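Some notes on the structure that comes next.
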Amino acid sequence: MRVLVVEDDANLNRQLKEALGEAGYAVDVAFDGEEGHFLGDTEPYDAIVLDIGLPQMDGISVLEEWRRAGKTVPVLLLTARDRWSDKVQGIDAGADDYVAKPFHMEEVLARLRALVRRAAGHASNEIVAGPVRLDVRSGKVTVDGQAVKLTSHELRLLSYLMHHKGKVISRTELTEHLYDQDFDRDSNTIEVFVGRLRKKLPDECIQTVRGLGYQIADD
Ligand code: CA
């Protein structure tokens with residue numbers, strides 16, 4: 001899952017990038033409204049963390065522009081504490097949720113998980129595909145109840161496919177959603193990770209759809 005953080009406070013921006021990176025997201029960052037708007041407009045994010053008070057262009061305007069352009073990406077707003085009018089304005093502008101500053105990082109992570117999960121159509125924190133279960137909170141994967149150890153890259157890949165189970169996902173889509181914009185993208189790496197992941201999962205779990213991509217069957 002790839003997320004964008006738009007926050008002008010350099011310290012907070014770094015903290016968010018680190019925490020989200022540790023939680024397994026590929027993270028791009030922007031420090032002002034214009035840059036953030038541009039990235040959100042042109043890159044395919046799975047969720048966006050957007051501060052309201054930003055230089056160049058404020059967060060509400062950025063959000064309104066995205067929604068006007070038909071972008072449905074889940075947006076978590078960062079609002080100032082006690083500014084209830086910001087929250088109302090933000091929700092009206094198309095925000096999916098908000099967290100008031102100062103916040104606990106755990107709350108941002110939990111709200112983001114829920115947004116990503118719901119956007120993909122899952123009601124609970126456990127996504128099941130046949131014998132494979134993924135707990136999106138802990139990142140734990142089990143096959144027939146037995147824990148499977150995955151590297152962070154393998155987990156990212158499996159998580160994306162599980163969130164979108166039943167759909168064929170192209171290698172390009174995987175590359176765009178698993179790596180941040182600075183990553184040296186080579187679609188062959190995806191094949192390598194799929195190969196490694198397959199060895200740890202039941203046969204037939206990840207199917208190759210010739211010429212189109214990969215799919216985890218919806219059960
Ligand atoms: Ca700010």
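Both counts, for ligands and for their atoms, begin at 1 and track the order of listing. Note that the structure is predicted; figures quoted are calculated from it, not measured.
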Practice task
Indicate yes or no: at least one non-hydrogen side-chain atom of Y214 is less than 4.5 angstrom from one of V168.
Solution key: no
[X] bridged to [Y] by N-O distance under 4.0 Å:
X    : Y    : answer
R14  : E7   : no
E65  : K71  : no
D218 : K165 : yes

Exercise for the section: Could you tell me which N, O or S atom of D8 is nearest to the Ca ion (ligand 1)? Expected result: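 That would be atom OD1.
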Problem - Atom of D51 closest to the Ca ion (ligand 1), considering N, O or S atoms - result: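 It is OD2, the N, O or S atom of D51 closest to the Ca ion (ligand 1).
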Handout entry: the Ca ion (ligand 1) reached by L54 (N, O or S, under 3.0 Å)
Key =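 Within the cut-off used here (under 3.0 Å), L54 places no N, O or S atom near the Ca ion (ligand 1).
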